[in-house]
Amino acid sequence: MSNNSREEILHTIRKGLEGVGKNEGKVLADANRNFHSEAEEVHKRIDESQSALITQFAGELKEVNTNVIETGSKNEIKKSLLGLIKEKELKSFSIWESQFLKEINLKQELKDAGLKLVTAKNKNRIANSDIGITEVDYAIADTGTLVLLTDKNQPRSVSLLPPIHLAIVRPENLVRNIGDLFVILKSRLENIEDITSCMTFITGPSRTADIELSLTLGVHGPKELFVLTL
Amino acid sequence: MGFEEVRFEQDSEKAIHNKPLQKALVNVTNRFRTARNKASEDVPNWDNLRAAAREIKKETIENLDKYLLMLEERVKRAGGKVHWAKDAEEASQIIVNIAREGNVKSVVKSKSMATEEIELNNSFEDAGIKVIETDLGEYIIQLAGERPSHIIAPAIHKTKEDISKLFSAKLGIPRYDKPEELTKVAREILRSEFLNADMGVSGANFAVAETGTIVIVENEGNARLTTTVPKIHVALVGIEKLIPRYEDLSLFLTVLARSATGQKSSTYVSFITGPKRSTDIDGPEEFHLVLLDNGRSKILASEETRESLYCIRCGACLNNCPVYRKVGGHSYGWVYSGPIGAIITPQLMGIDKAPELPFASSLCGACKDVCPVKIDFPKVLLELRKNVVESKKGSTGIGERFGIRLWRFTVEHESIYKITNKLSYYFQLPWKGRNGKLNSLPYPFSRWTDQRDFPAVAKKTFRERWKNNKGETG
Ligand code: SF4
């Protein structure tokens, strides 16, 4: 059944396009852009404007109801986090196992502070936990967007199911705009097979305006979003 | 609730007299319009972006067969399954079968016009499978048993009092009156639905041929939950949603968010390629892409109207349309409303099912000016009007054709024209209203004057006045 439809649909399309064919053989035109050299150029531009980008990024985050915590060092990250735990009376957490987060040993610190570690394997448990902690892969300065890539150390639910999401952003994660981001992503995509099962953009906490256009936060995803910048 | 025939004239009449609806329409369209205008002015080369987006859509549609095959191959390579559905019935059947094979008891859905189009919920219910809409607006609509009235804000025709009553009656809870309270109630109920569901059904805003990625844009997070928590994810995607290259997304996401709600970026964008990988900790085990034709491939054959398939469903044309702003979404009789509904419904459903819709426009072109892919609405509308007339089911009957011939004869003969002019001046007097216009003529002219005045024939013609004034104005 399905197979017949496939042929039928393709046939109708081809018939409808008879005589168009101008782009014949030019599918994926521009495929010869050199993303490696473009990415090098982009990185150079980003490096030149990094401190301005951090300011811009923080400004955009505030526009979209995100709490920005500026920290100067790894030690300050821990201090700010412990402060937040106390303030919000957090009892359980889930966390990504990215390189940097392992380096600063945040997981152990939080356990030592008495919080219970929850894994993303169990959806019910993580849904009932208090905070999810991630480190962004990229951050887009001119829109205040966090970019998260799923992999074996970075499950999707951590930024989705707990009521609070806290993301750590390091200066080297910043890009100027979405155009930069796709140049970099494309330059790193050697093999189509290597693409992540899920990339997520996050710009502010979950929101809706479906009832009389009145803005309400936290309808489905996290109600609060914290961004910790270094 | 199924689609039979669009009754624009009747339904728009009702809408115009519905006071709360009129208020809501003004609010929503003004809000979105102001936001879009500001967001597009913020971008220095906005018009270039629109032109570029249009070019890419043109390239996609003109090579649609190749890009569809590429998409299919890439999705399979990522571990997903691809299904092709030629019409609504087949698409529903495919999805219900996936559910049956997966032993699915309950389904969560995120917002998708395509699933509305195929009336998927009815098919699930017929199969005894529970299905829940999870976008807050759609959830409200589902509880009320209605249809969305705006692409971006589906429940905008309902007041918070309506929703409060509805929740209380359908969910057996006390009356809550604040939007925040109602939202909280919905969050709790829907959260447990997500955790219990065996399957999530989503649409997609884009499907990238090069990488096999489907892209979903939203603000609430329900699409993320739909595509993350249940063990099966099905995405129903119209075949026109393709874009060729991964990097094309940077352009399309920019114009979509700004055109739709005036946001620089929507709160969440998910880029999904296949099911979870074996090493991933969470995410769905199965990913199915259902490609929906349902009349789209036929639109390709017309060079004049092919561009209707470029639409990225941002809703900007609705908010800027003087007709939509008065008559609202339901008058258009089907899932797509406003200018895009006026051109896409007759083409998808057949021109004989919606002959009024191409006429539901003043041809002012406001839609064309805001459309992020620059669809030339006036051109497409005129072409469709021509088709309506040619298909005979349209509005020109023998009477109209005779009238036009008579008119032609008159204007071609000067003396007859002059006499007719004089005669009609005196002939019209009994119908002349206080405002100096004709406001109720007998049938068949009443079809005009029932809804608006007709200017009266002046006593002196322009030529006579010109002569008298010796060419001086005033
Ligand atoms: S036709 Fe253009 S303006 Fe209207 S919804 Fe589609 S993309 Fe937006």
Side-chain angles (χ1 to χ4, degrees), chain A residues 1-2 5-6 8-10 12-17 20 22-23 27-30 119-121 123-124 127 142-143 145 150-152 155-157 160 178-179 181-183 185-186 189 192-193 195-204 206-214 216 218-221, chain B residues 27-28 31 59 62-66 74 77 83-86 90 94 136-137 153 155 159-160 163 179-180 182-183 187 195 210-211 219-222 224-225 228-229 244-247 249-250 253-254 264-265 267-274 276-277 279-283 293 297-298 300-301:
Chain A
M1 162 189 75
S2 190
S5 295
R6 179 179 184 271
E8 216 178 297
I9 294 167
L10 288 169
T12 319
I13 293 173
R14 286 178 185 137
K15 236 180 77 203
L17 290 174
V20 176
K22 278 167 284 179
N23 286 326
V27 233
L28 288 193
D30 295 353
T119 86
K121 272 201 193 93
K123 60 185 177 184
N124 290 301
D142 75 344
T143 54
T145 300
T150 304
D151 71 22
K152 63 181 193 296
R156 313 175 193 199
S157 315
L160 178 62
I178 188 174
L181 177 76
F182 275 94
V183 167
L185 288 174
K186 197 67 185 267
L189 195 65
I192 294 287
E193 271 88 10
I195 199 166
T196 170
S197 59
C198 181
M199 170 166 77
T200 310
F201 284 6
I202 299 175
T203 312
S206 157
R207 57 188 251 163
T208 185
D210 274 348
I211 302 178
E212 292 195 355
L213 292 176
S214 99
T216 311
V219 50
H220 281 299
Chain B
N27 286 346
V28 69
R31 167 88 69 97
E59 179 205 341
E62 289 180 355
N63 293 279
L64 193 58
D65 51 334
K66 297 177 205 122
R74 302 291 146 95
R77 239 205 270 178
H83 313 256
W84 301 67
K86 64 175 184 301
E90 190 179 10
I94 290 169
L136 179 58
T159 63
K160 59 175 186 287
I163 298 166
E180 306 84 71
L182 293 164
T183 305
R187 178 185 169 106
L195 293 170
E210 182 186 23
T211 54
N219 281 327
E220 296 189 357
N222 64 310
R224 288 187 69 197
L225 289 161
T228 300
V229 181
R245 293 155 292 262
Y246 200 36
E247 68 270 19
L249 286 171
S250 68
L253 290 171
T254 302
K264 289 178 189 165
S265 171
T267 304
Y268 298 120
V269 187
S270 303
F271 306 74
I272 295 165
T273 315
K276 86 187 258 284
R277 306 294 183 261
T279 50
D280 286 352
I281 296 165
D282 54 8
D293 184 347
S297 61
K298 271 191 299 201
L300 278 176

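Residue numbers begin at 1 in each chain, while the letters A, B, ... track the order of the sequences.
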Do B/T267 and A/S206 touch side chain to side chain, with heavy atoms closer than 4.5 Å?
-> no

Under 4.5 Å from a heavy atom of chain B, the part of A/T200 involved = both

Can A/I202 and B/R224 be said to form a side-chain contact (heavy atoms from CB on, under 4.5 Å), step by step?
-> CA-CA 11 Å; A/I202 299 175; B/R224 288 187 69 197; 3.7 Å; yes

Would you say A/V20 and B/L300 make side-chain contact, with heavy atoms under 4.5 Å?
-> no

Name the member of A/R156, A/K186, A/K121 that forms the most heavy-atom pairs with chain B at distances under 4.5 Å.
-> A/R156

Name the region of B/L195, side chain, backbone, both or neither, that has any atom closer than 4.5 Å to a heavy atom of chain A.
-> both

All salt bridge (charged side-chain N to carboxylate O under 4.0 Å, His left out) counterparts of A/E193, not counting sequence neighbours | B/R77

Could you walk me through whether B/S265 and A/T203 pass the side-chain hydrogen bond (donor to acceptor under 3.5 Å, both in side chains) test, one step at a time?
-> CA-CA 7 Å; B/S265 171; A/T203 312; 3.3 Å; yes

Any side-chain heavy atom of A/V183 within less than 4.5 Å of one from B/E247?
-> no

Contacting region of A/I192 [heavy-atom separation from chain B under 4.5 Å] = side chain

Which atoms form the tightest heavy-atom contact between B/T254 and A/I178, and what is the distance?
-> OG1-CG2, 3.6 Å

Of all of A/S197, A/G16, A/G221, A/G204, which one pairs up most often with chain B through heavy atoms under 4.5 Å apart?
-> A/S197

Determine whether A/T119 and B/I281 make a side-chain contact, defined as any pair of heavy atoms from C-beta on separated by less than 4.5 Å.
-> no

Using non-hydrogen atoms and a 4.5 Å limit, figure out which bit of A/T196 sits close to chain B: side chain, backbone, both or neither.
-> backbone

Pick one of side chain, backbone, both or neither for A/T216, based on which atoms fall under 4.5 Å of a heavy atom in chain B.
-> side chain

Which value, rounded to the nearest 0.5 Å, describes the distance between A/D210 atom CG and B/T183 atom OG1?
-> 8.5 Å

Hey, what do you get for CZ (B/R277) to CD1 (A/I195), rounding to the nearest 0.5 Å?
-> 8.0 Å

Taking every heavy-atom pair that is under 4.5 Å apart, which of B/E210, B/R74, B/K264, B/R187 has the most such pairs with chain A?
-> B/R187

Non-hydrogen side-chain atoms of B/L225 and A/L160 separated by less than 4.5 Å = yes

When rounded to the nearest 0.5 angstrom, what is the spacing between CH2 in B/W84 and CZ in A/R6?
-> 5.5 Å

What are the two closest non-hydrogen atoms of B/L136 and A/H220, and how far apart are they?
-> N-NE2, 4.5 Å

Distance, nearest 0.5 Å, that separates OG of A/S5 from CD1 of B/I94 = 6.5 Å

Whether A/F182 and B/Y246 hold their rings parallel, tilted or perpendicular, with breakpoints at 30° and 60° | perpendicular

B/N27, B/L64, B/T228, B/V28: which one forms the most heavy-atom pairs within less than 4.5 Å of chain A?
-> B/T228

Atom NZ of B/K276 and atom SG of A/C198: how far apart are they, to the nearest 0.5 Å?
-> 13.5 Å

Name all residues meeting the salt bridge (charged side-chain N to carboxylate O under 4.0 Å, His left out) criterion together with B/D65; count only those two or more places apart in sequence or in a different chain, and write none if there are none.
-> A/R14

Contacting moiety of B/R31, where chain A heavy atoms sit under 4.5 Å = side chain

Does B/D293 reach the main-chain N or O of A/I9 with its side chain, forming a donor-acceptor pair under 3.5 Å?
-> no

Most heavy-atom pairs under 4.5 Å with chain A, out of B/D282, B/V229, B/N222, belong to B/D282

Output yes when a side-chain donor or acceptor of B/E220 lies under 3.5 Å from a complementary backbone atom of A/V219, and no otherwise.
-> no

Residue part contacting chain B, namely of A/L181, when any heavy atom lies under 4.5 Å = neither

Is it true that a side-chain atom of B/K298 and a backbone atom of A/T12 form a donor plus acceptor pair closer than 3.5 Å?
-> no

Carefully, step by step, assess B/T279 and A/D151 under the rule side-chain contact (heavy atoms from CB on, under 4.5 Å).
-> CA-CA 7 Å; B/T279 50; A/D151 71 22; over 6 Å; no

